Amino acid sequence: MFRSLTLALCATVLVITPAAAQDANKDKNLDVRSPVGDLHVGKDADAQKAGLPLYPGARPKHDANNDPVNFGLFTESFGLKLVVAKYETDDSAEKVLAFYRERMKKYGKVLDCRGTNDDSGFHSDDDDKEGAKPLKCDGDNTGPVRELKVGTEDNAHIVAIENPGSAKGTTFAIVYVRRHGKSGDI
């Protein structure tokens with residue numbers, strides 16, 4: 001029964017999405033509320049929706065491939081929330097990292113990782129019956145992206161800085177991921 005309810009919600013989304021996409025206002029959010037579950041898709045992501053303050057003086061960074069993402073899908077059995085927002089500042093990466101390192105402590109132990117921007121520390125492992133695994137640093141710690149991570153695979157806050165040694169200011173992304181329920185049921 002759960003599978004058929006999920007399929008009904010997905011079908012509703014597929015029917016409504018093309019109509020919303022044709023709307024003259026392309027920045028409009030898509031919100032679907034139904035007895036089966038709720039869906040939100042929008043470009044209204046920001047640091048606050050990711051559970052973190054915005055670095056003072058930071059400006060949203062928009063380009064063709066990096067629009068902000070605020071996605072939420074929630075039912076009684078499962079849910080997924082994803083918020084991704086990208087910013088830039090004239091300050092150094094070290095100042096930005098110090099700011100977020102302090103703010104992220106309220107969520108737990110903050111990891112300071114270097115990577116290649118192809119892995120955010122999330123690994124779907126259906127054999128994990130005991131709950132969410134803590135985030136970890138992956139790779140050889142030599143890549144061009146520096147990340148601060150805190151939380152678990154099911155509830156994570158991440159700040160990723162591109163080219164942390166750049167002298168031209170700092171570009172960074174704030175990411176929040178929250179999921180519950182069995183992802184294998186979707």
Side-chain angles (χ1 to χ4, degrees), residues 1-23 26-54 65-86 100 103-111 113 115-139 145 147-160 172-186:
M1 180 172 177
F2 174 72
R3 196 179 242 344
S4 62
L5 292 175
T6 302
L7 292 174
L9 178 62
C10 291
T12 302
V13 169
L14 291 174
V15 169
I16 294 172
T17 302
Q22 293 173 2
D23 193 314
K26 300 226 185 237
D27 290 332
K28 190 171 184 175
N29 297 328
L30 171 65
D31 288 297
V32 178
R33 307 245 185 262
S34 76
V36 179
D38 298 333
L39 172 73
H40 173 82
V41 179
K43 295 181 181 181
D44 58 336
D46 60 26
Q48 183 179 9
K49 287 182 176 81
L52 293 169
L54 181 58
N65 297 324
N66 293 307
D67 282 337
V69 174
N70 186 359
F71 174 83
L73 177 61
F74 302 99
T75 71
E76 287 184 25
S77 300
F78 71 91
L80 174 65
K81 173 83 171 159
L82 173 66
V83 177
V84 181
K86 198 168 187 179
Y100 281 110
R103 275 43 177 209
M104 293 170 75
K105 285 180 183 178
K106 71 180 180 181
Y107 295 113
K109 180 183 177 192
V110 180
L111 301 175
C113 309
T116 58
N117 204 22
D118 62 356
D119 185 9
S120 295
F122 301 102
H123 302 283
S124 179
D125 187 356
D126 292 334
D127 294 334
D128 182 23
K129 307 286 187 213
E130 297 179 22
K133 295 179 183 179
L135 292 177
K136 62 181 180 176
C137 292
D138 295 315
V145 175
E147 296 175 322
L148 297 178
K149 300 179 182 182
V150 64
T152 65
E153 291 178 355
D154 288 341
N155 189 10
H157 292 83
I158 300 170
V159 174
F172 64 98
I174 297 174
V175 179
Y176 174 62
V177 177
R178 173 90 171 123
R179 64 183 181 186
H180 69 85
K182 290 179 67 178
S183 59
D185 290 341
I186 300 175

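In this text the structure is predicted, and so the values were computed from the model without any measurement.
- Ring geometry for His157 versus Tyr176: interplanar angle of 30 to 60°, hence tilted.
- Atom-to-atom distance recorded for Leu39:CG and Leu80:CG is 10.5 Å, nearest 0.5 angstrom.
- If you take CG on Leu52 and NZ on Lys106, they are separated by 7.0 Å, rounding to the nearest 0.5 Å.
- Between the CG atom of Asp154 and the NZ atom of Lys133 there is a distance of 10.5 Å, given to the nearest 0.5 Å.
- Formation of a donor-acceptor pair under 3.5 Å by the Lys149 side chain with backbone atoms of Lys136 is found in this model.
- Considering only residues two or more places apart in sequence or on other chains, Asp44 meets the side-chain contact (heavy atoms from CB on, under 4.5 Å) condition with Asn29, His40, Lys49, Asn70.
- To the nearest 0.5 angstrom, His180 atom NE2 is 11.0 Å from Asn155 atom CG.
- Distance check: Lys43 NZ to Leu30 CG gives 13.0 Å after rounding to the nearest 0.5 Å.
- Closest approach of Ala85 to Asp46, counting heavy atoms only: CB-CA, 3.9 Å.
- The closest side-chain heavy-atom distance from Leu148 to Val150 is not below 4.5 Å.
- Phe78 places a side-chain heavy atom less than 4.5 Å from the side chain of Leu73.
- Evaluation of the ring pair (Phe, Tyr, Trp, His ring centres under 6.0 Å) rule for Phe172 yields Tyr87, Tyr100 as partners, not counting sequence neighbours.
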